[in-house]
Undergrad: 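Structure in structure tokens, see below.
The figures that follow rest on heavy atoms only: side chains count, while hydrogens, waters and symmetry mates do not. All residue numbers in this chain count up from 1 along the given sequence.
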Amino acid sequence: MKSPLLSLPGAVPAEGPDEGVAAHYGDLFREQRALADGTGFVDLSHRGVLTVTGDDRLSWLHLLITQHVSELPAGRATEALVLTANGHIEHALYLVDDGTTSWVHVEPGTQGALLAYLESMKFFYRVEAADRTEEFALVHLPAGSIVSLAEGEAAAVRETPYGRDVFLERGRLEEFAAAHGPAVGVLAHEALRVEAHRPRLGFETDHRTIPHELGWIGTAVHLQKGCYRGQETVARVQNLGKPPRRLVFLHLDGSEVHLPGPGTPVRLAADGPDGRKLGFVTTSARHHELGPIALALVKRNVPVDAELIAESTAAAQEVVVEP
């Protein structure tokens with residue numbers, strides 16, 4: 001969906017998975033500083049929105065996702081995954097329940113496949129799942145924001161350590177922007193996500209990613225809950241082994257004009273650009289304080305003190321997931 005906020009002054013459309021909202025509004029670093037200071041908001045209205053209603057909604061979701069939600073208190077934010085039978089990550093859900101409805105936002109374009117899976121698992125449970133993307137949009141208020149939402153302004157709010165995810169009627173986007181601006185683009189939001197080492201489905205994941213590789217154990221995967229699809233792999237790796245890859249944070253050489261993009265091979269600096277591939281960049285960004293930074297997936301046995309390169313760019317690694 002194309003956001004009406006792309007008509008705001010200076011808006012430059014985002015590309016790829018974030019198409020439909022603004023990449024920035026003319027000054028990337030100013031927008032990053034605004035978010036870091038707790039001002040402004042991010043238009044995330046391209047993300048998918050689902051709702052689940054019915055008396056059995058939480059106990060039913062509890063059986064399908066990796067998080068413990070059967071007794072989730074109203075208003076408490078959580079995140080969860082849907083795994084394949086082999087334990088690979090298929091969906092990432094960001095959820096809050098308001099006491100009558102579970103509100104979920106997901107990566108752009110994934111809501112249809114997730115809804116189809118949920119519908120296939122309804123059986124005799126008293127639940128109704130629906131794609132509400134055309135009716136509701138998501139905006140993000142950063143941590144520290146002093147914005148006070150008027151009664152009825154938001155359909156639901158997810159309070160997290162990183163800020164508030166606000167579900168609002170899609171037709172109120174322009175009204176929200178006028179009341180709570182300035183608007184900040186998704187590139188600034190992404191830079192702060194990379195700084196916080198937070199993985200994103202479709203960016204840090206591929207067809208064989210398991211939760212342990214990205215540090216999603218604990219935050220999105222509850223290890224003491226009952227059975228769900230893919231649990232055997234989660235338990236086996238947790239109790240008996242180690243994941244084949246691990247997420248790392250990279251400080252990139254700031255003298256390089258070119259920023260290594262997703263998929264850029266990561267190698268040992270000593271082996272040079274033709275050396276053996278040890279991993280790849282998943283997300284890169286230009287940060288207002290740290291300079292060029294990235295997240296990458298590398299083989300588990302890469303030494304934590306190894307000097308790396310991403311293509312020809314020097315990359316100093318910082319441990320996210322322990323080897």
Undergrad: To check you understand the geometry: which heavy-atom pair defines the closest contact between Leu58 and Leu72, and what is its length?
TA: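 Closest approach of Leu58 to Leu72: CD1-O, 3.8 Å.
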Undergrad: Around atom CD of Glu119, are there more than 12 heavy atoms from other residues, nucleotides or ligands closer than 6.0 Å?
TA: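 Yes.
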Undergrad: For Thr133 and Asp131, run side chain to side chain donor-acceptor pair (under 3.5 Å): C-alpha distance rounded to whole Å, both residues' side-chain angles, the deciding distance at 0.1 Å, then the answer.
TA: CA-CA 6 Å; Thr133 310; Asp131 180 356; 2.6 Å; yes
Undergrad: Run Tyr162 and Arg193 through side chain to side chain contact (heavy atoms under 4.5 Å, CB included) and show every step you take.
TA: CA-CA 9 Å; Tyr162 307 101; Arg193 176 182 72 82; over 6 Å; no
Undergrad: What is the distance from atom CD1 of Ile309 to atom OG1 of Thr264, rounded to the nearest 0.5 Å?
TA: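 Going from the CD1 atom of Ile309 to the OG1 atom of Thr264 covers 11.5 Å.
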Undergrad: Which atoms form the tightest heavy-atom contact between Ala315 and Ala310, and what is the distance?
TA: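 Of all heavy-atom pairs spanning Ala315 and Ala310, the closest is CB-N, 4.4 Å.
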Undergrad: Where is the tightest heavy-atom contact between Ile210 and Pro244, given as atom of each residue plus distance?
TA: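 Heavy atoms of Ile210 and Pro244 come nearest at CD1-CD, 4.2 Å.
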Undergrad: For Pro303, does its backbone N or O pair with a side-chain atom of Gln317 as donor and acceptor, under 3.5 Å?
TA: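 Yes.
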Undergrad: Tell me whether Arg132 forms a cation-pi arrangement with Phe167, defined as NZ or CZ under 6.0 Å from the six-membered ring centre and within 45 degrees of its axis.
TA: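 Arg132 over Phe167 ring: no.
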Undergrad: Quickly, which of Val52, Asp97, Asp98 forms a side-chain contact (heavy atoms from CB on, under 4.5 Å) with Trp103? Name it, please.
TA: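 Passing option: Asp98.
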Undergrad: Between Leu252 and Pro260, which heavy-atom pair has the shortest distance, and what is it?
TA: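 Scanning both residues, the minimum pair turns out to be CD1-CD, 3.9 Å.
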Undergrad: For side chain to side chain contact (heavy atoms under 4.5 Å, CB included), just list the numbers for Thr66 and Val234, CA-CA rounded to whole Å, side-chain angles, deciding distance to a tenth of an Å, and then say yes or no.
TA: CA-CA 10 Å; Thr66 58; Val234 170; 5.7 Å; no
Undergrad: Any chain of hydrophobic side-chain contacts (each under 4.5 Å) joining Leu149 to Val42?
TA: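 Different clusters.
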Undergrad: For a quick test of reading the model, state the closest non-hydrogen atom pair linking His91 to Leu201 and the distance between them.
TA: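 The pair with the smallest heavy-atom distance is CA-CD2, 4.0 Å.
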Undergrad: Indicate whether the side chain of His24 and that of Glu31 have a donor and an acceptor atom separated by less than 3.5 Å.
TA: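 No.
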Undergrad: Once you round to the nearest 0.5 Å, how far does OG1 of Thr110 lie from CG of Leu93?
TA: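 The distance works out to 8.0 Å.
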Undergrad: Find out whether Arg200 and Glu190 are in side-chain contact, i.e. whether some heavy atom of one side chain is under 4.5 Å from a heavy atom of the other.
TA: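 They are in contact (side-chain heavy atoms under 4.5 Å apart), so the answer is yes.
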Undergrad: Any side-chain heavy atom of Val21 within less than 4.5 Å of one from Leu44?
TA: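 A side-chain contact under 4.5 Å is absent here.
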Undergrad: Distance check, rounded to the nearest 0.5 Å: His212 atom NE2 versus Ile89 atom CD1?
TA: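 The distance works out to 10.0 Å.
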Undergrad: Check the surroundings of atom CD in Glu232: do more than 12 heavy atoms from other residues, nucleotides or ligands lie under 6.0 Å from it?
TA: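 It does not: Glu232 CD has 12 such atoms or fewer within range.
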Undergrad: Could you check whether atom NZ of Lys225 has more than 12 heavy atoms from other residues, nucleotides or ligands sitting under 6.0 Å from it?
TA: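 It does: Lys225 NZ has more than 12 such atoms within range.
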Undergrad: Is there a donor-acceptor contact under 3.5 Å from the side chain of Thr283 to the main chain of Leu295?
TA: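 Such a contact is absent between Thr283 side chain and Leu295 backbone.
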Undergrad: Just so I know, are the side chains of Phe136 and Glu169 near enough to count as touching, which here means a heavy-atom distance under 4.5 Å?
TA: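 The answer is yes, as the side chains (C-beta and beyond) meet within the 4.5 Å cut-off.
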Undergrad: Please determine whether side chain to side chain donor-acceptor pair (under 3.5 Å) holds for the pair Asp43 and Ser45, giving the CA-CA distance in whole Å, both sets of side-chain angles, and the decisive distance to 0.1 Å.
TA: CA-CA 6 Å; Asp43 177 12; Ser45 61; 2.7 Å; yes
Undergrad: Tell me the closest heavy-atom pair linking Leu247 and Leu297, and the distance in Å.
TA: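 Nearest heavy atoms, Leu247 then Leu297: N-CD2, 3.9 Å.
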Undergrad: If hydrophobic clusters are built from ILVMFWY residues whose side chains come within less than 4.5 Å, do Val266 and Val302 share one?
TA: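 The answer is yes; both residues are in one hydrophobic cluster.
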Undergrad: Go through the steps to decide whether Arg245 and Phe280 satisfy the test side chain to side chain contact (heavy atoms under 4.5 Å, CB included), and finish with yes or no.
TA: CA-CA 11 Å; Arg245 304 177 296 183; Phe280 57 93; 3.9 Å; yes
Undergrad: Drop me the distance from Tyr117's OH to Leu115's CG, to the nearest 0.5 angstrom.
TA: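 That separation rounds to 13.0 Å.
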Undergrad: Hydrophobic clustering (ILVMFWY, side-chain heavy atoms < 4.5 Å, transitive) - are Leu173 and Val166 grouped together?
TA: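 Yes, because Val166 and Leu173 connect within a single hydrophobic cluster, where side-chain heavy atoms sit under 4.5 Å apart.
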Undergrad: Count I, L, V, M, F, W, Y as connected when their side-chain heavy atoms are under 4.5 Å apart, and connections chain through other members. Are Leu50 and Leu64 then in the same cluster?
TA: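 Result: yes, single cluster for both.
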Undergrad: Quick one: is the NZ or CZ of Arg158 closer than 6.0 Å to the six-membered ring centre of Tyr94, and within 45° of its axis?
TA: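 No, cation not above the ring by the 6.0 Å, 45° rule.
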Undergrad: Check whether any side-chain heavy atom of Gln67 sits under 4.5 Å from a side-chain heavy atom of Leu95, and report yes or no.
TA: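 No, too far: nothing below the 4.5 Å cut-off.
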Undergrad: For a 4.5 angstrom cut-off between non-hydrogen side-chain atoms, does Arg229 reach Leu83?
TA: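 A side-chain contact is absent here, since even the closest heavy-atom pair is not under 4.5 Å.
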Undergrad: Distance from His180 atom NE2 to Leu141 atom CG, nearest 0.5 Å?
TA: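 Rounded to the nearest 0.5 Å, the NE2-CG separation comes to 7.0 Å.
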Undergrad: With distance as the sole test, does Thr84 use its side chain to make a donor-acceptor pair with the main-chain N or O of His88 at under 3.5 Å?
TA: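 Confirmed, Thr84 side chain pairs with His88 backbone.
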Undergrad: Do the non-hydrogen side-chain atoms of Val321 and Glu213 ever get within less than 4.5 Å of each other?
TA: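 Side chain of Val321 against side chain of Glu213, heavy atoms only: no contact under 4.5 Å found.
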Undergrad: Within a 6.0 Å radius of atom NZ on Lys122, are there more than 12 heavy atoms belonging to other residues, nucleotides or ligands?
TA: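 Yes.
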Undergrad: Judged by atom type as modelled, is there a donor-acceptor pair below 3.5 Å linking the side chain of Thr313 to the main-chain atoms of Asp253?
TA: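 Here the side-chain-to-backbone pair does not exist.
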Undergrad: Does any non-hydrogen side-chain atom of Val184 lie less than 4.5 Å from one of Gln32?
TA: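 Of all side-chain heavy-atom pairs linking Val184 with Gln32, none is under 4.5 Å.
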Undergrad: Before you tell me yes or no, could you show the steps for Arg126 and Trp60 under side chain to side chain contact (heavy atoms under 4.5 Å, CB included), namely the whole-Å CA-CA distance, both residues' side-chain angles and the distance that decides it to 0.1 Å?
TA: CA-CA 9 Å; Arg126 296 170 295 174; Trp60 176 68; over 6 Å; no
Undergrad: Does the pair Glu153/Arg172 count as a salt bridge with the N-to-O cut at 4.0 Å?
TA: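 No, Glu153 and Arg172 are not salt-bridged.
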Undergrad: Return yes when atom NZ of Lys277 has more than 12 non-hydrogen atoms of other residues, nucleotides or ligands closer than 6.0 Å, and no otherwise.
TA: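 Check passes, neighbour count above 12.
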Undergrad: Examine Val139 and Val147 and state if one hydrophobic cluster contains both, with Ile, Leu, Val, Met, Phe, Trp and Tyr joined whenever side-chain heavy atoms are less than 4.5 Å apart.
TA: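 Per the 4.5 Å side-chain linkage, Val139 and Val147 are co-clustered.
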Undergrad: Do Phe176 and Glu174 come close enough that some side-chain heavy atom pair is under 4.5 Å?
TA: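 Side chain of Phe176 against side chain of Glu174, heavy atoms only: no contact under 4.5 Å found.
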Undergrad: Does a sphere of radius 6.0 Å around CD in Glu307 hold more than 12 heavy atoms from other residues, nucleotides or ligands, not counting ones at 6.0 Å or beyond?
TA: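 Check fails, neighbour count at 12 or below.
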Undergrad: Between the side chains of Gln224 and His68, is a donor N or O closer than 3.5 angstrom to an acceptor N or O?
TA: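 There is no such pair between these side chains.
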Undergrad: Working to the nearest 0.5 Å, report the span between CZ of Phe249 and CD of Glu195.
TA: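 The CZ atom of Phe249 sits 7.0 Å away from the CD atom of Glu195.
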